[in-house]
Amino acid sequence: MDNLQLDFLGDLKRTHTCGDLRASDAGKRALVMGWVHRRRDLGGVIFIHLRDRYGVTQLVFHENVAPEVHARAEALGGEYVIAAEGVVEARSAETINPAIPTGEVEIAVSRIWILNESRVPPFPLEETVDVKEDVRLKYRYVDLRRPHMQRNILMRSKVSLAVREVLYGLGFLEIETPFMTKSTPEGARDFLVPSRVQHGMFYALPQSPQIFKQLLMVSGFDKYFQIVRCFRDEDLRADRQYEFTQIDLEMSFPQQETIFGVIEPLVQKVCETAGHPVPAAPFQRMSYADAIRLYGIDKPDLRLPPMTSFEFEFQGFQTPMPFVAIRIPGIGKPSRKERDELKLIAQEKSLVMFDEGSKTEAMYAAAREKSGAAADDMILVVAHTGPMRSWRPEEAFYQSCGQFRLHVGQKFAERHKLLDPHNFKFLWVVDFPMFEWDDEENRWAAAHHPFTSVHDEDLKRLTSDPGACRAKSYDLVLNGTELGSGSIRIHRKDVQAKVFAALGFSDEDARKKFGYLLEGLEYGAPPHGGIALGLDRLVMIMAGESSIREVIPFPKTARGTDLMSDCPSPANERTLRELGIKLASKV
RNA sequence: GGGGACGUAGUUCAGUUGGUUAGAACGCCGGCCUGUCACGUCGGAGGUCGCGGGUUCGAGCCCCGUCGUCCCCGCCA
């Protein structure tokens, strides 16, 4: 990298990208710019594959044709940025490279500009090597050059465009809402932003634009959407980041089906954009209660069959719960070793898994019959064992079974190709419970959020039997991932006050925390509702990835750090003083 | 907060029961090479075995601690 003479860009202009040139371009002059992907120096002739995001084009440098240019090409290293001009030449039949779209031509370079040099990349840009993620994250700008990440980021951009096209087409308005907002109780932990002007006061970054979009309905904007960043200070996972992006929308005067009628074509367009088969609409709908009973989870993966519960008399075995058969199609019986491993897993979930043998012959026969199992389907029968401690014991039991089902599915998935990532099984889960019991706080908590309306017929038992109330809320689920959730909101102040009361907020609490929403509802709030889809998760699945970090250009690690910029980092004394903040302990 | 996996050259990995100077491939540097396309070929450099402590005559390997990355539970209206 020493003493290399670099050239200015000046008024140089690209005539083609590195993906443009074809046999029909032979004879033209071309000027291309890009990164030195690979250099093959044969002595008297040098070949360079020049790369940009559109493709790769071969450059040729002949010593006996253009010695000065050839000499400069000798100095080039990987990832140097150059401009090259020359005549596009058709390659002879034997030298055509069928592996790249531009493989029928090459540029015989007569002028070269070295625009920038590059250090040796910290890892190869080839896809063939699985580089560890921490190295990729530290040099993310290099990682993003790799075809795999280029493809994902490109797909994300296309999906965002498709979303905008569909929603603009349906008459939605794209409206921005504040990032510096009021902290809200309930829900996830907020990220706080201290106020410099008012010491001791804080803004919060929004967990979602929920209240603002509702107020936009009060303002008469009718159909709102936004592709918007949201912030939640909870522990990170493969499908969760501190900041993530939602496709957020809200409508006035909708029924639940109105919202579905927007999202289904939206999702169809997204699938098409991502190059996948378009799923048939309407998508399947399933009540929360059925989802729990059949799959033991509120986000069922429909690529595997449901569980089957059945009553059975088994000598000396007492349980208030039914027996549950878990069926995995077409993989035969588990080995002795697998069976023993699974029994241990079942035990951890307060389940007992029965061996298939002479004693349980009748049980397994019943299970096979009830679940409609084919001969080579694997069937595992489990039942509840041990103490039952939950405010909804049956639900807890089915959830244990569901976790066990998922474990079994994942255990055999790879070997038997059970879960095709491109087999998109969309599902609406509807009729969620309105409230969940919060053991820690010893009170009811909103299952979705406190602005969700209750089914009309459940309104009268809002305070008398909160646990039995169903909400007008819905989740969009794809292959076991929650893609988004929404609800028909409360638009009446009296109903909202009742819900706050059921949640244990006093009038004063409610006024302090959500006063502006309550007040807004008093000024002619229309019936309204909406939904938010997780863009990161949607693109993740469309890209066939199993982590949203693969579709986020600059993600954080599981511990919430950015390895590239090295944040979070300490604030200096002066900044803290200005904000009126004193640290409780020095690190 | 809890459970698990991993950490050796720039990268991906190997490293036997604890035993000589820690290896390979790719990459990198230098030489040769006029039709390569994962060019070829000859030569070379490159290591705090994550870090700290312990056991031992001797530790990449065993033990304890710690840091980092990943996965899961809790948490995520």
Side-chain angles (χ1 to χ4, degrees), chain A residues 1 37-50 56-65 70 74 77-79 89 91-100 102-103 106 108 119-139 142-143 184-190 206-208 210-211 230-242 244 348-349 403 406-407 410 432 434-436 438-441 444-452 471 473 482 485-487 499 503 513-514 532 534 546-547 549 555-561 563:
Chain A
M1 279 183 60
H37 189 57
R38 193 170 274 115
R39 191 175 60 115
R40 290 176 295 278
D41 187 345
L42 277 66
V45 62
I46 296 172
F47 297 98
I48 282 176
H49 269 175
L50 193 68
V56 169
T57 295
Q58 177 159 283
L59 311 177
V60 205
F61 300 81
H62 291 283
E63 188 173 23
N64 60 2
V65 178
H70 175 271
E74 278 184 321
E79 301 307 306
E89 293 180 340
R91 300 203 208 175
S92 64
E94 328 81 72
T95 61
I96 285 175
N97 182 355
I100 54 175
T102 61
E106 59 195 10
R119 292 172 62 178
V120 175
F123 46 83
L125 276 84
E126 266 81 355
E127 294 289 278
T128 45
V129 189
D130 259 336
V131 181
K132 284 199 190 59
E133 197 170 355
D134 49 347
V135 187
R136 293 176 55 203
L137 288 176
K138 177 164 183 194
Y139 301 96
V142 174
D143 186 41
T184 53
E186 302 282 289
R189 211 171 285 119
D190 287 320
Q207 297 173 30
S208 83
Q210 184 60 37
I211 292 177
C230 302
F231 307 85
R232 294 179 191 175
D233 187 3
E234 298 293 347
D235 287 349
L236 290 69
R237 286 282 198 288
D239 62 352
R240 272 160 42 186
Q241 285 268 307
Y242 283 153
F244 59 98
E348 287 168 18
K349 302 182 189 306
Q403 285 165 16
L406 277 182
H407 180 93
Q410 276 156 15
F432 278 77
M434 188 76 182
F435 304 105
E436 283 164 357
D438 186 333
D439 275 329
E440 259 175 51
E441 303 218 2
W444 292 102
H448 181 53
H449 57 54
F451 321 115
T452 304
S473 71
E482 179 198 317
S485 64
S487 63
V499 170
L503 290 170
K513 290 161 181 165
F514 306 109
S546 48
S547 160
R549 292 188 303 275
K556 301 213 172 15
T557 67
R559 283 186 68 245
T561 60
L563 297 178

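Because the structure is a prediction, the values reported are computed rather than measured. Note on naming: letters A, B, ... go to the chains in the order of the sequence lines (proteins, then strands), and numbering restarts at 1 for each one. Just so it is clear, the values below take in all heavy atoms, side chains as well, and ignore hydrogens, waters and symmetry mates.
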Rounding to an integer number of angstrom, what distance separates [N] and [M] when you compare their [atom1] atoms?
| N | M | atom1 | answer |
| --- | --- | --- | --- |
| B/G2 | B/C39 | P | 50 Å |
| B/G58 | B/U41 | C1' | 43 Å |
| B/A25 | B/C70 | C1' | 25 Å |
| B/U55 | B/G46 | P | 34 Å |
| B/G52 | B/C13 | P | 24 Å |
| B/G60 | B/G54 | P | 15 Å |
| B/A9 | B/G27 | C1' | 11 Å |
| B/C6 | B/C75 | C1' | 25 Å |

Review point. Using a cut-off of 4.0 Å between protein heavy atoms and nucleotide atoms, how would you tag nucleotides 32-42 of chain B 5' to 3' with B, S and -?
Key: -BBBBBSB---
Review point. In the 5'-to-3' direction, what one-character label does each nucleotide of nucleotides 69-76 of chain B receive under the scheme B = base within less than 4.0 Å of a protein heavy atom, S = sugar-phosphate only, - = no such atom?
Key: SSSSBBBB
Review point. Charged N to carboxylate O under 4.0 angstrom, A/D134 versus A/K132?
Key: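 Here A/D134 does not pair with A/K132 in a salt bridge, since their nearest N and O are not under 4.0 Å apart.
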Point to revise | Salt bridge present between A/R240 and A/E234 (N-O < 4.0 angstrom) | key: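 No.
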Review point. Would you say A/Q241's side chain and A/K556's backbone share a donor-acceptor pair under 3.5 angstrom?
Key: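 A pair under 3.5 Å: yes.
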Check your understanding: Would you say the side-chain atoms of A/R91 pair up with the backbone N or O of A/G103, donor to acceptor, closer than 3.5 Å?
Key -> yes
Complementary nucleotide for [N] - Watson-Crick or wobble, under 3.5 Å:
| N | answer |
| --- | --- |
| B/G58 | none |
| B/C76 | none |
| B/A24 | B/U12 |
| B/G7 | B/C67 |
| B/G40 | B/C32 |

Sub-3.5 Å pairs of nitrogen or oxygen atoms, protein against nucleotides 43-46 of chain B:
none

Review point. Side chain to side chain contact (heavy atoms under 4.5 Å, CB included) between A/H449 and A/S473: does it pass, once the steps are laid out?
Key: CA-CA 9 Å; A/H449 57 54; A/S473 71; over 6 Å; no
Point to revise | More than 12 heavy atoms of other groups within 6.0 Å of A/D130 CG | key: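 Counting other residues, nucleotides and ligands, CG of A/D130 stays at 12 neighbours or fewer.
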Review point. After noting the C-alpha distance and the side-chain angles of A/K138 and A/V135, does the key distance pass the side chain to side chain contact (heavy atoms under 4.5 Å, CB included) rule?
Key: CA-CA 5 Å; A/K138 177 164 183 194; A/V135 187; 5.8 Å; no
Atom pairs under 3.5 Å, N or O on each side, protein against nucleotides 3-11 of chain B: can you list them with distances?
{"from": "B/G10", "atom 1": "O2'", "to": "A/P122", "atom 2": "O", "distance (Å)": "2.4"}

Check your understanding: If you look at every heavy atom in A/V131 and A/R136, which pair is closest and at what distance?
Key ->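 Result for this residue pair: O-CD, 3.5 Å.
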Practice item. Over all heavy atoms of both residues, which pair between A/A188 and A/Q207 is shortest? Give the atoms and the distance, please. Key: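 For A/A188 versus A/Q207, the nearest heavy atoms are O-NE2, 2.7 Å.
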Exercise for review: Report the C-alpha separation of A/V499 and A/M434 in whole Å, then their side-chain angles, then the decisive distance to 0.1 Å, and conclude whether the side chain to side chain contact (heavy atoms under 4.5 Å, CB included) test is met.
Suggested key: CA-CA 9 Å; A/V499 170; A/M434 188 76 182; 3.9 Å; yes
**Study point:** Any side-chain heavy-atom pair of A/E63 and A/E74 under 4.5 Å
**Key:** no
Review point. With A/F47, which residues qualify under ring pair (Phe, Tyr, Trp, His ring centres under 6.0 Å), at least two apart?
Key: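 So A/F47 forms no ring pair (Phe, Tyr, Trp, His ring centres under 6.0 Å) with any residue.
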**Study point:** A/Y139: partners by ring pair (Phe, Tyr, Trp, His ring centres under 6.0 Å), with sequence neighbours left out
**Key:**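 Here no residue qualifies.
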Practice item. Go through the steps to decide whether A/L137 and A/D143 satisfy the test side chain to side chain contact (heavy atoms under 4.5 Å, CB included), and finish with yes or no. Key: CA-CA 8 Å; A/L137 288 176; A/D143 186 41; 5.9 Å; no
